[in-house]
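Each chain gets a letter, A, B and so on, in the order its sequence line appears, and its residues count up from 1. The structure presented is a predicted model; accordingly, all values stated were derived computationally and were not measured.
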2 protein chains.
Amino acid sequence: MPKGRVMRRNRHPRENVARVEIPDKRYFRIGEVSELAETKPYVLRYWETEFPLLKPTKSPTGHRLYRREDVEMVLAIKRLLYEQGFTIEGARKRLAEEVNGGRTMAPPAAARLETSPLRAIQRELEAILTLLSRQC
Amino acid sequence: MPKGRVMRRNRHPRENVARVEIPDKRYFRIGEVSELAETKPYVLRYWETEFPLLKPTKSPTGHRLYRREDVEMVLAIKRLLYEQGFTIEGARKRLAEEVNGGRTMAPPAAARLETSPLRAIQRELEAILTLLSRQC
DNA sequence: CCGGTTCAAATCCGGCCGTCCCGACCAATT
DNA sequence: AATTGGTCGGGACGGCCGGATTTGAACCGG
């Protein structure tokens with residue numbers, strides 16, 4: 001039997017991304033996010049290579065673990081690309097601006113945070129999470 | 001004789017489109033607009049086929065006559081495409097919205113992404129507690 | 001230990017967005 | 001009128017963006 005024919009590109013699913021409900025879970029696997037966002041897993045992986053801000057943590061075996069914020073980032077990206085009509089580069093720039101422009105803190109603090117103990121702690125926590133997720 | 005070589009794409013000229021001075025003339029020909037906007041004439045013609053709002057009048061002999069508003073439209077399109085990073089379709093949609101909405105709607109409400117590092121760490125801690133409370 | 005899921009990497013490809021060419025026409029200058 | 005250079009529309013061409021598919025192995029819940 002002939003392989004499935006070239007899939008039609010479906011760039012603009014009608015779904016309003018803004019009103020997707022994210023289930024009350026802590027971690028999501030790529031397949032779950034894929035269904036939530038109605039976006040193929042390989043697209044999620046591809047976006048990861050294009051958007052530095054999309055960085056789901058990974059299990060020790062390399063499987064992606066999306067947290068809520070990661071899922072929200074996915075939805076934000078999808079909105080920019082499919083509803084607003086940005087190119088990938090445009091969306092990337094826009095997201096960077098939003099993160100920077102979002103005055104969630106005074107600039108000096110933000111700059112120092114990169115190398116601060118806080119950051120180190122965050123890394124440690126991520127590592128611990130990774131280890132824990134192996135056993136449980 | 002070999003054909004002229006493929007011209008390198010130059011998608012993101014550094015020039016800030018916003019500060020281009022439009023000379024005090026009533027009509028501009030395509031070559032003049034081309035220089036003002038640093039955009040090849042064939043691109044201007046192409047944009048005309050893509051943007052219904054870009055409609056320079058034409059002389060009886062078919063030559064384009066751009067008025068100020070047409071030139072401004074060209075600059076706006078260029079800004080959307082090259083500075084903001086919209087696709088043609090996205091730019092078209094955005095321009096239509098601007099015309100309809102009237103007032104230059106500010107950058108759309110920033111996606112409410114929670115990016116505070118403290119908040120992120122708090123989430124990590126919650127995650128750890130959850131993991132620990134389970135019998136591993 | 002089995003069936004469905006996920007992985008990374010390589011490869012492939014449709015179509016967006018120009019880019020070039022062509023022969024004809026127009027406008028200004030000489 | 002002739003010359004020079006800008007402009008016309010239409011068609012062919014093409015780089016590369018943004019996925020889409022495949023492969024073969026590893027993973028994981030039940």
On the nucleotide [N], are OP1 or OP2 found under 4.0 Å from the side-chain N or O atoms that [X] carries?
X	N	value
B/Lys58	D/dG9	yes
A/Arg29	C/dT5	no
A/Tyr82	D/dG19	yes
B/Arg64	D/dT7	no
B/Trp47	C/dG18	yes
B/Tyr46	C/dG18	no
A/Thr61	C/dT6	no

If I take atom [atom1] in residue [X] and atom [atom2] in nucleotide [N], what distance separates them, rounded to the nearest angstrom?
X	N	atom1	atom2	answer
B/Glu89	C/dG15	CD	C1'	13 Å
A/Glu48	D/dG18	CD	C1'	16 Å
A/Phe86	C/dC17	CZ	P	14 Å
A/Ile77	D/dG18	CD1	P	12 Å
A/Arg45	C/dA9	CZ	P	12 Å
B/His63	C/dA28	NE2	P	10 Å
B/Lys40	D/dG6	NZ	P	14 Å
B/Ile88	C/dC17	CD1	P	5 Å

**Asked** More than 12 heavy atoms of other residues, nucleotides or ligands under 6.0 Å from CD of A/Glu35: is that the case?
**Response**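 Not buried by this count: 12 neighbours or fewer within 6.0 Å.
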
Any donor and acceptor pair, going by atom type alone, linking the side chain of [X] with main-chain N or O of [Y] inside 3.5 Å?
X	Y	result
B/Arg64	B/Thr57	no
A/Lys55	A/Glu48	no
B/Arg92	B/Glu50	yes

**Request:** Find which nucleotide of DNA chain C each of A/Glu32 and B/Ser59 is nearest to by heavy atoms, and output the residue with the more 5' nucleotide.
**Result:**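 It is A/Glu32, whose closest nucleotide lies nearer the 5' terminus.
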
**Prompt:** Shortest non-hydrogen contact from A/Leu54 to A/Asp70?
**Reply:**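 So the two residues come closest at CD1-O, 3.9 Å.
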
